[in-house]
Undergrad: 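Before anything else, here's the structure in question.
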There are 2 protein chains.
Amino acid sequence: MPGGFGKGSVWCHGRFRGYGYRMTVSRQAILDVLNTTVKHLSAEDIYHEVHKIHPSSGMSTVYRTLELLSRLKLVFKFDFGDGRARYELNKRLENKEYHHHHLVCINCQRVIDYTDFIEDEVELLKKTEKGLSKKYNFKIMRHILQFYGLCNRCEEKGKE
Amino acid sequence: MPGGFGKGSVWCHGRFRGYGYRMTVSRQAILDVLNTTVKHLSAEDIYHEVHKIHPSSGMSTVYRTLELLSRLKLVFKFDFGDGRARYELNKRLENKEYHHHHLVCINCQRVIDYTDFIEDEVELLKKTEKGLSKKYNFKIMRHILQFYGLCNRCEEKGKE
DNA sequence: TTGAGAGTGGGAATCATTATCAATAAGGAG
DNA sequence: CTCCTTATTGATAATGATTCCCACTCTCAA
Ligand SMILES: [Mn+2]
Ligand SMILES: [Mn+2]
Ligand SMILES: [Zn+2]
Ligand SMILES: [Zn+2]
């Protein structure tokens, strides 16, 4: 959608205003970048993409905006263990969260989203959370589950 | 065990030699520190403790040794999301790994080890790993599961 | 249209971790 | 025990992601 703004950012526009924040060209550019990718971008990745749309935006603004979006739960922030954070727009399917986890390739850093076994997982986690909350008197607020390994391409290369 | 070395480090001594590495006073001190704590120490924590035993050891050696121990699978390295790595000796109970996960307090950083529901978890993870390996042709090598929330003390304080 | 103040950019600061390198010390051979 | 090779060390500099700072700019309700 060249020249325009995706519905994501339009929606966020209202969201920002509702919280008393302002919508700016930098924020729109960042949202557009996040909205038109399926990858898990780092702050620097986003900065480079934003730079194509709006060259005068700075790195500080990218970090600040990502921090704000995380706080508003509009983006998720992930750590895949390579020393830099990754960000992903919180895309909702029919009003409910798109709960998914990640397979991370320890060789090429490729990240695969998956939702398989999420039902079983949610069930186990619910049970675990309940048990742990009671036993340790600990109020669980969120969890992380990640698998690390080798993607098909890297696995093949390793065999040579 | 003042003046001596715990069996952990003696055992590791042989382990090192077997790999062609040398056992040094710094490495012994680091192992002793890890061996006599139940906490999840950062590199700096370890450095300070080591300094009490062997004041001339430097930070570089702490990092290098932890890196080596991680590679040899003698210690586990964790990221609890506060910007610094934590380390824990791989204590084995009767020859098998002590598989456990963590509850992390997002307020005071306290970490609780738990093994509850590990059987169910291992079962689910095994199933998930098998399914994901096949579907995405991805070779899973390890996983991370962590719960974040508020410990009893912080939960209480929050209510005031 | 305007003004209060939210937001910005660029450069400096922070801070955990790594890299460098001359000096040291582990440990096998003799 | 002594010697010699070289793995290891400690001090310090370098790195790199993220945060801080502050004078200037832009948003938007009135
Ligand atoms: Mn994802
Ligand atoms: Mn632990
Ligand atoms: Zn790969
Ligand atoms: Zn706490």
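To find a chain, count down the sequence lines: A is the first, B the second, and so on, and within it residues start at 1.
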Undergrad: Side-chain N or O of R27(B) less than 4.0 angstrom from OP1 or OP2 on dT8(D)?
TA: yes

Undergrad: Without decimals, in angstroms, what is the distance between M23(A) CE and dC26(D) P?
TA: 17 Å

Undergrad: Could you state the CG-C1' distance from D82(B) to dC15(C), rounded to the nearest angstrom?
TA: 13 Å

Undergrad: Let me know the distance between OH of Y21(A) and P of dC26(D), rounded to the nearest Å.
TA: 22 Å

Undergrad: To the nearest Å, give me how far apart OH (Y63(B)) and P (dA19(C)) are.
TA: 13 Å

Undergrad: Categorize S42(A) for me: base, sugar-phosphate, or nothing, with a 4.0 angstrom heavy-atom threshold over every strand shown.
TA: nothing

Undergrad: We want to know whether E49(B) and Y47(B) form a side-chain donor-acceptor pair, criterion being a heavy-atom distance below 3.5 angstrom.
TA: no

Undergrad: In terms of side-chain heavy atoms of T61(A), which of dA26(C), dA16(C), dT8(C) is nearest?
TA: dT8(C)

Undergrad: Is there a donor N/O on one and an acceptor N/O on the other, under 3.5 Å, for the side chain of S60(A) and the base of dG11(C)?
TA: yes

Undergrad: If I take atom CE in residue M59(A) and atom C1' in nucleotide dT19(D), what distance separates them, rounded to the nearest angstrom?
TA: 12 Å

Undergrad: Give a yes or no on whether the backbone of K73(B) and the side-chain of N90(B) come within a donor-acceptor separation of less than 3.5 Å.
TA: yes

Undergrad: What is the distance from CD of Q28(A) to P of dC26(D), rounded to the nearest Å?
TA: 15 Å

Undergrad: How many whole angstroms separate atom CZ of R64(B) from atom C1' of dA11(D)?
TA: 10 Å

Undergrad: Would you mind reading off the distance between L66(A) atom CG and dT19(D) atom C1', rounded to a whole angstrom?
TA: 13 Å

Undergrad: Of the options dA17(D), dG10(D), dG27(C), whose atoms approach the side-chain atoms of H54(B) most closely?
TA: dG10(D)

Undergrad: Less than 4.0 Å between a side-chain N and a carboxylate O, is that true for D79(A) and R84(A)?
TA: no

Undergrad: Test side-chain hydrogen bond (donor to acceptor under 3.5 Å, both in side chains) on N152(B) and R110(B) and set out the steps.
TA: CA-CA 10 Å; N152(B) 52 358; R110(B) 194 148 70 101; 2.8 Å; yes

Undergrad: Using a distance-only test with no angle check, is there a side-chain donor-acceptor pair under 3.5 angstrom linking H101(B) and E121(B)?
TA: yes

Undergrad: Between dT8(C), dC21(C), dT17(C), which one does the side chain of T24(A) approach most closely?
TA: dT8(C)

Undergrad: Does the dG28(C) base have a donor-acceptor partner in the side chain of R22(B) within less than 3.5 Å?
TA: no

